[in-house]
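Comments concern the structure below.
Quick note: numbers below take in every heavy atom, side chains included, and nothing from hydrogens, waters or symmetry partners.
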Amino acid sequence: YDGILAAEDDGIANPAAYRLACRLADLGFFQGTPTRGEQKYPEKAVAAWQKSIGAKPTGIYGPKAHDGIFPGDQSNIV
């Protein structure tokens, strides 16, 4: 979770952004193929997922997005 937020804030590629892009690709929201080592925060895919659940498609990642995209993952709980 923290790695995704870092990628979103910094705009740099990291493994968490790659993992998120892969998950969104599996769900049908990421267009193309995520690239290991080069993947930046997939804002458009997050926004597409948000739109699909009836949320405002901001592309901003948070606990609700994390819980919906990665159900059962507890890494966002402090």
Side-chain angles (χ1 to χ4, degrees):
Y1 178 76
D2 291 336
I4 294 170
L5 296 181
E8 181 181 23
D9 290 342
D10 298 340
I12 59 172
N14 74 20
Y18 173 74
R19 179 175 179 238
L20 175 59
C22 288
R23 176 69 177 143
L24 289 167
D26 289 345
L27 296 172
F29 298 104
F30 185 88
Q31 302 301 311
T33 303
T35 306
R36 185 183 303 265
E38 298 177 16
Q39 185 63 53
K40 295 182 180 181
Y41 178 72
E43 183 177 350
K44 290 180 183 178
V46 172
W49 175 83
Q50 289 168 327
K51 184 177 179 180
S52 79
I53 64 163
K56 186 176 179 181
T58 62
I60 298 171
Y61 203 79
K64 290 181 182 179
H66 189 76
D67 291 344
I69 296 169
F70 295 103
D73 182 6
Q74 299 294 308
S75 66
N76 65 325
I77 297 175
V78 181

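- Distance check: Asn14 CG to Lys40 NZ gives 11.5 Å after rounding to the nearest 0.5 Å.
- Across all non-hydrogen atoms, the minimal contact from Pro42 to Leu24 is CG-CD1, 4.1 Å.
- Tyr1 and Tyr61 have tilted rings, their planes meeting at an angle from 30° to 60° on a 0 to 90° scale.
- Under a hydrophobic clustering in which Ile, Leu, Val, Met, Phe, Trp and Tyr are joined whenever their side-chain heavy atoms come within less than 4.5 Å, directly or via other members, Trp49 and Ile60 fall into different clusters.
- A pairwise comparison of heavy atoms in Pro57 and Ala47 identifies CB-O, 3.4 Å as the closest pair.
- The shortest heavy-atom contact between Glu8 and Gly59 is OE2-O, 3.7 Å.
- Rounding to the nearest 0.5 angstrom, the gap separating the CG atom in Leu5 from the CG atom in Asp10 is 10.5 Å.
- Of the possible polar contacts, one joining the Arg23 side chain to the Ile69 backbone as a donor-acceptor pair under 3.5 Å is found.
- Among all heavy-atom pairs drawn from Ala13 and Gly37, the shortest one is CB-O, 4.0 Å.
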As a quick check of understanding, evaluate side chain to side chain contact (heavy atoms under 4.5 Å, CB included) for Tyr41 and Leu20, giving each step before the final call. CA-CA 8 Å; Tyr41 178 72; Leu20 175 59; 3.8 Å; yes
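- Taken from CD in Glu38 to OH in Tyr18, the straight-line distance is 11.0 Å, to the nearest 0.5 Å.
- Within the 3.5 Å criterion, the main-chain N or O of Thr58 finds a donor-acceptor partner in the side chain of Gln50.
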